[in-house]
2 protein chains.
Amino acid sequence: MAERVPSTPSVTPDVDLGESPVAAVAPTAGDHGRPRRSEATRAAILAAAKDRFAADGYERATIRAIARDAGIDPSMVMRYYGNKEGLFAAASEIDLHAPDLTGVPHDELGARLVRHFLERWECDETLTAMMRVGVTNEAGAERMRGVFAGQIGPVLAAVCPVPDQAATRAALIASQVLGMALCRYVLHIPPAVGLDHDEVVAWLAPTIQRYLTAEHP
Amino acid sequence: MAERVPSTPSVTPDVDLGESPVAAVAPTAGDHGRPRRSEATRAAILAAAKDRFAADGYERATIRAIARDAGIDPSMVMRYYGNKEGLFAAASEIDLHAPDLTGVPHDELGARLVRHFLERWECDETLTAMMRVGVTNEAGAERMRGVFAGQIGPVLAAVCPVPDQAATRAALIASQVLGMALCRYVLHIPPAVGLDHDEVVAWLAPTIQRYLTAEHP
DNA sequence: CTGGCATGTCAACACGCGTTGGCCTACAGT
DNA sequence: ACTGTAGGCCAACGCGTGTTGACATGCCAG
């Protein structure tokens, strides 16, 4: 129970949990171009995991349910992703595709940002999953802070006219964007769900614009 | 196993789950002013439940842990609150104390609202609990929609200069307020945590003000 | 053809959960 | 003093969980 030397020589639980959170793309066609058959399974597991985490949150998204969705045995999940935490780490890999805003007219920044995140949020369920898990699970919260610091912060800092307040202003923008996502996609508050894209942009863009470019109030 | 007629004549599981979600104040000193001894226990359970739900969310807040915190046996929780759902219903009883805003100068509405909710959010953990649970649990989400429709909506509708848009505008305000709460109290995004009350008010008040009173953009 | 390894299934494990019913204790009414 | 009952504890139940290791299968190199 103390040590965990892989005694079975055949099975290699090829998960690199802990270091390099890029993870889970790991042991594919590294050598001679022939992709391993397991790639399809890995992908199926990952897709099912994203769905379940998004729909149920961390605790209620059981490995058994994910495996059932993926059409394989629960032990496969363990083999490929080590444990539930590792699976979540892989499933919550996020690329916001935050656009390069340098060159965008300053008075269009707000609208561009709102529209981008609206589309990004609706194109797959990963962001909903991240939010559902981030609220209950410390690892999920850490991941969200990481996305904020690594992907939102820098992009906004590049165009913020008050560079030393960039972090604060990014947090304000995050609060409005995440708040709208929470009301629309998670809590399903009716009037928030009822708005169409253009209306959301029309309402939120001036707010984002002000948080980004206004003088400190 | 099929029917559940209380066979033991002594124990009366006095929980009114289902009807009148005011609940859990139930069987106190109804008769001659002599409070039952159990009131202290009920209160201890409720306090512990609020803490645990706030800290851990619905699934990870176990009845056993709540009972341990309250210094009593898990079966007591069942006796007083029926089941876990009933306990949560009682623990998430919420009164926003939404202030009457009629009479407040129109250009101060934003600041008043922001400051009120900031203080309300920090005075106890019930709101954090509601948010943590509302994100993962449908009953929790329903409760949040109820608070929105029953406590936030009406107060704002009373002062909204565009009455037929009051619901939409209330949702926008909720999105900003809940978003800031999410970033500060749940996700602990550093720049959001670092703001003091006055700074939050200074940044958010104009947003709220605009959502409430501006013309439709 | 044969051996080895990747892929996948099956059955079981230990554990913690919500929940239950029986039992003990102390106190209030008579 | 006796008794009923409210308040509380205890041990157990059935279940679903994450996780494990032994076993089956099929593919590819030699």
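Naming convention: chains lettered A, B, ... in sequence-line order (proteins, then strands); numbering from 1 in each chain.
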A:M144 vs A:V147 side-chain heavy atoms within contact, under 4.5 Å: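 Side-chain contact under 4.5 Å: no.
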pair A:M180-A:V114: side-chain heavy atoms closer than 4.5 Å: no
Separation of [X] atom [atom1] from [N] atom [atom2], in whole Å?
X     : N      : atom1 : atom2 : value
B:L87 : C:dC17 : CG    : P     : 15 Å
A:I45 : C:dT9  : CD1   : C1'   : 13 Å
B:Y80 : D:dA6  : OH    : P     : 11 Å
A:E39 : C:dG8  : CD    : C1'   : 16 Å
B:F53 : C:dG18 : CZ    : C1'   : 12 Å
A:M78 : C:dG8  : CE    : P     : 17 Å
A:R52 : D:dT17 : CZ    : C1'   : 15 Å
A:R60 : D:dG16 : CZ    : C1'   : 14 Å

Contacts table for residues 149-159 of chain B: side-chain donor-acceptor under 3.5 angstrom, sequence neighbours left out:
residue : atom : partner : partner atom : Å
B:Q151  : OE1  : B:L96   : N            : 2.8
B:Q151  : NE2  : B:I94   : O            : 3.0

B:R112, CZ: over 12 other non-hydrogen atoms inside 6.0 angstrom: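 Open: at most 12 neighbouring heavy atoms sit under 6.0 Å from CZ of B:R112.
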Pairs where residues 37-62 of chain A contributes a residue and the test ring-ring contact (aromatic ring centres under 6.0 Å, His included) is met, not counting sequence neighbours: A:F53-A:Y58, A:F53-A:F88, A:Y58-A:F88
Distance (rounded to the nearest 0.5 Å) between B:C183 SG and A:I173 CD1: 11.5 Å
Within residues 62-75 of chain B, residues whose heavy atoms come under 4.0 Å of DNA chain C: B:T62, B:I63, B:R64, B:S75
Nucleotide nearest A:N83 when distance is taken to its side chain, options D:dT19, D:dC9, C:dT7: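 For A:N83, the side-chain atoms sit closest to D:dT19.
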